[in-house]
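Beneath this line is the structure, given in C-alpha cells, with notes to follow.
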There are 2 protein chains.
Amino acid sequence: MSATNTARTPLARQVAEDLRRRIVSGEFAPGARLPSEAEMCEHYRVSRVTVRTAAKALESQGLVDIRHGSGMYVVDLGGRIRSGLQELRSITETIEESGITAHVRRVSLTRRPALEAEASRLDIPRGSDIVIVHREIFAGDETVAISIDAMPAHLIPPAEDETLGHASVFGVLDRLGLEPVRALAEIHAVRGSDVDIADDDVSEQLLVLLDQVHFDRIGRPIAYSKTYFVEGRFQFTILRTR
Amino acid sequence: MSATNTARTPLARQVAEDLRRRIVSGEFAPGARLPSEAEMCEHYRVSRVTVRTAAKALESQGLVDIRHGSGMYVVDLGGRIRSGLQELRSITETIEESGITAHVRRVSLTRRPALEAEASRLDIPRGSDIVIVHREIFAGDETVAISIDAMPAHLIPPAEDETLGHASVFGVLDRLGLEPVRALAEIHAVRGSDVDIADDDVSEQLLVLLDQVHFDRIGRPIAYSKTYFVEGRFQFTILRTR
DNA sequence: TAGCGGCGAGTTGTAGGACAACTTTGAGCG
DNA sequence: CGCTCAAAGTTGTCCTACAACTCGCCGCTA
C-alpha cells in the first residue's frame with residue numbers, strides 16, 4: 001500500500017480493509033494489542049488521521065477496541081464468531097464463512113408484473129415488471145435455506161437471465177453498477193407448512209425468515225429478498241455495539 | 001455543548017450523540033443535507049477532527065451518508081425505521097422506540113448455582129452462583145415478549161435484588177460500573193409449547209428467540225439473556241451496512 | 001522486604017492550518 | 001437552448017503540536 005491514491009477508494013477505507021483482512025486472517029490474535037497509530041502510519045505510509053479513521057471504522061464494526069492512552073486491541077469474544085448479520089454481504093457468502101460448504105440450486109427465474117405490495121417495497125410503478133429468482137441453498141442433501149430475490153426488471157438486462165441466481169445475486173448487481181450498501185431486515189418465525197415454496201424436506205420444520213430490502217447509496221431500493229432458514233441447520237449471529 | 005470537556009466521555013462521542021438525537025428527533029428530515037463540517041465546528045465549538053470523528057461514527061451506524069465534495073445527508077430508507085437491533089440497547093428501550101408503550105412485570109428473581117452450560121457462557125467456575133431474572137413484557141393485556149436474564153451473582157450485591165428487573169436491567173448494571181458495550185446474538189424460531197416458561201397466552205404461538213451474551217469493554221461476559229418475542233406482536237429490524 | 005507513591009515514557013484524543021480531490025452551481029459562449 | 005469551464009463550496013488527507021490518559025519502573029518509606 002502506498003500514499004499515492006491510485007484507486008478512487010479513499011485511503012482510510014483501503015487501510016481499514018487491509019487491517020480487517022489481517023485481523024480475521026489471524027495475524028493478530030484475539031485480545032492482542034495492535035501496533036500503535038504511529039507505527040501504522042509508517043507501515044501504510046499514510047497520516048495519522050487516515051489511520052485513525054480506519055481504526056474508528058473497525059471499532060464501530062466491533063472488530064477492535066481502542067483504549068485511550070493504552071492502545072488498540074483485537075476484540076475477543078471468547079472464540080465466538082465476530083462477523084455477523086449486521087454486515088451486509090450475500091447470504092451464500094455468510095453461510096460459507098461459517099464453515100459450511102454450501103451449494104446453490106436455482107429453482108426458477110421469472111419475469112412478471114409486480115403485485116401491489118412488491119411494487120411499493122421497490123418503490124416502482126404498480127404493475128411494472130420484476131425479476132424473481134427462487135433458489136435453494138443446501139449442504140449435503142439437507143436444505144439449509146430457501147430464498148426469493150426480486151428486482152425491478154428494467155435494472156436487469158435479459159442477457160443476465162442465464163447467469164442470475166446460480167451464484168451470488170450480489171455479483172450480478174455489482175457488475176451492473178448497482179451496489180447495495182444498506183439493507184433493512186425484519187425477522188420472523190414461520191412454519192414450513194405455511195410457506196408455499198417449501199418442499200417436503202422443510203415443510204415439517206420451523207423456519208427463520210429474513211425479510212430484507214436492499215438500497216443503493218442514494219437510498220433507492222434495488223431489491224428485496226426473503227430468505228427462509230431452516231431452524232437449527234445454520235446459525236447466524238448479530239454483533240450488537242454501542 | 002462546549003469545548004471544555006467536563007465529562008470523561010470523549011468530545012467526539014458527545015457530538016455524535018447530540019447529532020444523533022437531533023436527527024432522530026426530526027430536526028433534519030430524511031434525505032436532507034446536514035450543515036457542513038465547518039458549520040458544525042462553530043456550532044459545537046470543537047475542531048474539525050472531532051466533528052469528522054462523530055460524523056464517521058454516525059455513518060457507520062447507517063444514520064447518515066457522507067459524500068466527498070458534496071456534504072452529509074440523512075439516510076432515507078423510505079420512511080422505514082432506522083434504529084435497529086445492530087445497536088446495543090435494552091429490549092424495553094427498543095420496544096418503546098417502536099411506538100409501543102410497554103409494561104414490564106418481573107415474574108421472579110432467583111439465586112442459584114449455575115449449570116454447566118450457563119457457567120461456560122458466562123466464563124465463570126462451574127457451580128458458582130448466578131442471579132436469574134424472569135420478566136414479561138406486555139402491551140395492553142397482550143404478551144409481547146418473555147425474557148430471562150442471567151448474571152454472575154458476585155457482580156450483583158443482594159441489596160439490588162429489590163430493584164433488579166422492574167425496569168431495564170441495563171440501568172442496574174450501569175450503576176454497578178458494569179457497562180455492556182457489545183452483545184453477540186443468535187436468533188431462533190421456537191414453538192411456544194416448547195418453552196417451559198411460556199404461559200397460556202403464548203404457548204400456542206410461534207416465538208422468535210433472541211439469545212444473547214453481553215460483554216464489557218475488555219471482553220468479559222457479564223450477562224446472558226434469552227428474549228422470546230411473540231411472532232407478529234413486535235417487529236424489530238436490523239440495519240445491515242457495508 | 002513489602003507496599004506505596006509518583007515520575008516518565010508511550011499512546012490515544014483534540015486543535016488548527018493547509019492543501020488535494022471532488023461536487024455543484026452558474027456565468028459565459030456558441 | 002445546450003455546452004464548456006471556471007469558481008466556490010465541501011469532504012479527504014497531511015502536518016505539527018499539545019492535552020488526557022495508561023502503565024510500568026524506581027525509589028522512598030514504614
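The chains referred to below are lettered A, B, ... by the order of the sequence lines, with proteins before strands, and numbering in each begins at 1.
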Considering only side-chain heavy atoms of [X], which listed nucleotide, [options], is closest?
X	options	result
A:Val49	C:dG13, D:dC14, C:dT11	D:dC14
B:His68	C:dG13, C:dT14, C:dC22	C:dC22
A:Ser70	C:dG13, D:dT10, D:dT22	D:dT22
B:Ile66	C:dT12, D:dT10, D:dG12	D:dG12
A:Val46	D:dC14, C:dA15, D:dT11	D:dC14

Exercise. Decide, yes or no, whether a salt bridge links B:Arg111 with B:Asp129 under the criterion of side-chain N to carboxylate O below 4.0 Å.
Key: no

Quiz prompt | Cation-aromatic face contact A:Arg182/A:Phe215, 6.0 Å, 45 degrees | solution = no

Quiz item: Does NZ or CZ of A:Arg67 fall inside the cone over A:Tyr73's six-membered ring, less than 6.0 Å from its centre and within 45° of the axis?
Solution: yes

What is the distance from [atom1] of [X] to [atom2] of [N], rounded to the nearest Å?
X	N	atom1	atom2	answer
A:Leu11	D:dT11	CG	C1'	14 Å
A:Tyr73	C:dG10	OH	P	15 Å
A:Leu34	C:dT11	CG	C1'	13 Å
A:Arg48	C:dA18	CZ	C1'	18 Å
B:Met72	D:dG12	CE	P	10 Å
B:Tyr44	C:dA15	OH	C1'	18 Å
A:Gln14	D:dG12	CD	C1'	12 Å
A:Asp65	C:dT12	CG	P	12 Å

Quiz item: Would you say the side-chain atoms of B:Tyr44 and B:Asp18 include a donor-acceptor pair closer than 3.5 Å?
Solution: yes

Quiz prompt | Residue list, salt bridge (Lys or Arg N to Asp or Glu O under 4.0 Å) with A:Glu39, at least two apart or on another chain | solution = none

Would you classify [X] as touching base, sugar-phosphate or nothing, given that sugar-phosphate means primed atoms plus P, OP1 and OP2, and contacts are heavy atoms under 4.0 Å?
X	result
B:Arg52	base
A:Arg13	nothing
B:Ala12	sugar-phosphate

Self-check item: First encountered from the 5' end of DNA chain D, between A:Thr50 and A:Gly69
Solution: A:Thr50

Quiz item: At under 4.0 Å, does any side-chain N or O of B:Ser47 touch on OP1 or OP2 of C:dA15?
Solution: yes

